[in-house]
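A short worksheet on the structure shown next.
Small disclaimer: the values here were computed from a predicted structure and weren't measured. Just so it is clear: chains get the letters A, B, ... in the order the sequence lines come, proteins before strands, and each one is counted from 1.
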Number of protein chains: 2
Amino acid sequence: MDKPKGVAFLLSQLGAYGAQRFAERLRPLDIEPRHVGLLRMISVSEGASQQELGERMGVVPSRMVSFVDDLEDRGLVERGRNPKDRRAYALHLTEKGTKMLRQAMLVSVEHNEEICAPLSQDERDVLAQLLDRLAGAHNLIPGVHPGYRHLR
Amino acid sequence: MDKPKGVAFLLSQLGAYGAQRFAERLRPLDIEPRHVGLLRMISVSEGASQQELGERMGVVPSRMVSFVDDLEDRGLVERGRNPKDRRAYALHLTEKGTKMLRQAMLVSVEHNEEICAPLSQDERDVLAQLLDRLAGAHNLIPGVHPGYRHLR
DNA sequence: GAGAAATCATTCAGCTCCTGAATGGTTTCG
DNA sequence: CGAAACCATTCAGGAGCTGAATGATTTCTC
């Protein structure tokens, strides 16, 4: 009765489940998964404009506005002015934002541990390597995906 | 510079990407990924009620209504009356629905092939086995996940 | 250098999706 | 029989996404 499920199907299932669990784990920090990537992106690209970041993450400008609004409302990022170009902002993390990112990274590690728990260390390595190959071959960049309705 | 990405992160990325690609492949059939699971569920549970199916797939009754509406509008399923219980429907596929499911399964196989293309057959087997272990250990049932906003 | 074109951020209307609380008809329980 | 449980449905409310405008600024072009 149990047909062997395809890899693509399993990836969708596990990806969706993992994202959901990660969101739950982040709840005490009052942020969501999508915010973590943005925080991280800002931290490695201090002073970038919204559009620069949006491009790298595959997020259209109008969406970026509300993402950054979210983080600014929480006091995690600041929209600084760029003296070279007064149209664009120069985004950077506040102190609170830096701490928050650090917290979120810890949560992320815990979460990863939970997901991998059923596997031995060797198996995790094998899995990580295979997934990395797939991600590379399909040109996946670490970004914020547009919301999408999910799974069969 | 390239930190090794966690398994959980890769799963989310690949799951999201795969779901998106699958949706694109289904577009010519005028259905979406979520419909495929429902068609499949109905086909293996002929005459089940909406609530039965919803329970197995983790979908609340009010959502089920519109899912079934979608399929009924496309002429793929019929809401038959259950003579034993006139509150509940007895859902079953129309002939068109059966054909559609068959088509969708073909698309699904193609899609899986595309996702796995970068890997050798042996590697696919290893990957499938590891993912299956994870899915089992985390109690994932093949269902329609509630929509969720995705990825950092 | 002045006017035209491109660029950055923003707003907004319109759409889809999801949830939870009612509602009506039907069955089952006591 | 009357009360409670149950199936499907509707509906209002909220969240998220998109694409087309808009205003401010910069860059291009002659």
Distances for protein N/O vs nucleotides 25-27 of chain C N/O pairs under 3.5 angstrom?
unit_1, atom_1, unit_2, atom_2, d
C/dT26, O2, B/R87, NH1, 3.4
C/dT27, OP1, B/R86, N, 2.9

Just the table, please: protein N/O against nucleotides 9-14 of chain D N/O, every pair under 3.5 Å.
unit_1, atom_1, unit_2, atom_2, d
D/dT9, OP1, B/R79, NE, 3.2
D/dT9, OP1, B/Y89, OH, 3.0
D/dT9, OP2, B/Q50, OE1, 2.9
D/dT9, OP2, B/Q50, NE2, 2.9
D/dT9, OP2, B/R79, NH2, 2.9

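A salt bridge links B/R79 with B/D69: the distance from a Lys NZ or Arg NE/NH1/NH2 to an Asp or Glu carboxylate oxygen falls below 4.0 Å. With respect to the salt-bridge test (charged N to carboxylate O, under 4.0 angstrom), the residues B/R124 and B/E113 qualify. The residues B/R133 and A/E123 are annotated as salt-bridged, a charged nitrogen and a carboxylate oxygen being separated by less than 4.0 angstrom.
Taking side-chain N and O atoms only, A/R34 has a distance below 4.0 Å to OP1 or OP2 of D/dC17.
What you find for A/Q51 and A/P61 is that their closest heavy atoms are NE2-CG, 3.5 Å.
With 3.5 Å as the limit, one finds no donor-acceptor pair spanning the side chains of B/S108 and B/R25. Side-chain contact of A/D125 with A/Q121: a donor-acceptor pair under 3.5 Å is present, judged by distance alone.
Rounded to a whole Å, the CZ atom of B/F67 is 15 Å from the P atom of D/dA8. The distance from atom CG of B/L71 to atom C1' of D/dA8 is 16 Å, rounded to the nearest whole Å. For the pair B/E78 CD and D/dA8 P, the computed distance is 16 Å after rounding to whole Å. Distance CG (A/L53) to C1' (C/dT7): 16 Å, rounded to an integer number of Å.
Taking the six-membered ring where tryptophan is involved, the planes of B/F67 and B/H35 are perpendicular, since the angle between them exceeds 60° and thus also 30°.
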Using atom types as modelled, flag every donor-acceptor pair under 3.5 Å from a side chain in residues 98-106 of chain B to any protein atom, sequence neighbours excluded.
unit_1, atom_1, unit_2, atom_2, d
B/T98, OG1, B/T94, O, 3.1

